[in-house]
Amino acid sequence: MELSPKLLKLSRLETGILHIMLARPEALNALNTELMDELQQVLLQAKEEPSVKAILLTGEGKAFCAGADIKQLAKLNGQTGLHFSRKGQNIFRALEQLGKPSLAAINGYALGGGCELAMAATLRIASTTAAFGQPEVKLGVIPGFGGTQRLSRLIGKGRALDLCLSGRVITAAEAYTWGLVSEVVETHDLLMRAKQILNTLTALPPRALQSMMTVIDQGYDLSLHDALELEAAHFGLCCATHDKEEGVKAFLEKRVAEFCGE
Ligand code: DAK
């Protein structure tokens with residue numbers, strides 16, 4: 001990865017994990033245009049770079065991300081607000097459709113755009129001290145980076161309305177009960193657990209993972225009939241891979257499969 005962003009810290013971990021750390025701790029990693037542009041560039045490269053197998057997202061300091069930069073939000077009018085919202089939506093959608101699994105390890109505040117960023121990741125885990133919310137209503141706006149839509153898809157319409165209308169903040173334990181995160185661990189275990197989960201995924205056949213993410217993402221908004229068609233098409237694609245041959249053969253020969261990614 002040749003980029004040298006200023007507001008993100010990048011590191012390559014074992015087994016092809018790209019660790020992207022939001023690194024604007026003095027503003028609780030608030031998303032300004034510069035940080036968003038850097039994230040967009042990094043995601044573009046990560047998509048094209050075959051050695052990147054998965055993405056780990058974290059925030060430096062006490063917050064994962066406290067949302068869109070309110071100083072910047074203050075300057076938006078109707079026209080620029082629309083543009084800003086679309087820009088953020090496109091970047092988060094790029095993460096969601098990267099074709100490689102991503103995991104947000106949430107160590108503290110995930111508010112507004114921070115919660116929206118986490119929801120665009122494939123998976124989310126939190127430390128016991130994490131806190132989640134969509135407080136935009138208190139600023140006179142609504143979530144503008146996909147929050148209204150992803151939240152209701154993840155935790156249901158009623159709870160999404162509760163969070164968005166009240167602007168209240170919920171604990172990691174509540175987020176777990178509501179299905180917003182899949183695990184809560186002690187703060188000192190968060191990174192280790194995040195890597196453990198991603199290492200498990202990077203050892204699996206990438207084409208099957210990609211098909212799975214595509215079918216679940218796209219199928220959600222289709223009729224059952226069309227979604228099943230999509231599933232069948234991707235099942236067929238997987239059956240044409242070397243990794244499917246290897247996976248099935250290894251099972252029958254009672255050995256560990258060695259996937260090659262083809
Ligand atoms: N933006 C800019 N700076 C922020 C920030 C943010 N979102 N959050 C915190 N900071 C800055 C603070 O101003 C402070 O800076 P200094 O005063 O030291 O210079 C520093 O980070 C530390 O924050 P605090 O001193 O406030 O720290 P505390 O521990 O006391 O409080 C807090 C932490 C997270 C409870 C508090 O900082 C807070 O309430 N922050 C704001 C959280 C929030 O409201 N987030 C939602 C942002 S709005 C749209 C597109 C997108 C969006 C909406 C519409 N369209 C285009 C329509 C999305 C909107 C959002 O995400």
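Just so you know, ligand 1 is whichever comes first in the structure, and atom 1 is the first atom listed for that ligand. The structure displayed is predicted, hence computed values, not measured ones.
Between Lys53 and Ile17, every side-chain heavy-atom pair lies at or beyond the 4.5 Å cut-off.
A distance below 6.0 Å separates the ring centres of Phe84 and Phe145.
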Test side chain to side chain contact (heavy atoms under 4.5 Å, CB included) applied to Phe92 and Met119, step by step: CA-CA 9 Å; Phe92 289 8; Met119 286 192 288; over 6 Å; no

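Protein residues lining ligand 1, listed by chain and number: Glu26, Ala27, Leu28, Ala30, Lys62, Ala66, Gly67, Ala68, Asp69, Ile70, Leu73, Gly81, Phe84, Ser85, Tyr109, Leu111, Gly112, Gly113, Pro135, Glu136, Leu139, Val141, Ile142, Gly144, Phe145 [non-hydrogen atoms, distance under 4.0 Å].
No donor-acceptor pair closer than 3.5 Å links the side chain of Glu262 to the backbone N or O of Thr241. The closest donor-acceptor contact from the side chain of Asn29 to the backbone of Glu60 lies under 3.5 Å.
Of the options Val137, Leu163, Thr148, Leu151, a side-chain contact (heavy atoms from CB on, under 4.5 Å) to Pro143 is made by Thr148 and by none of the others.
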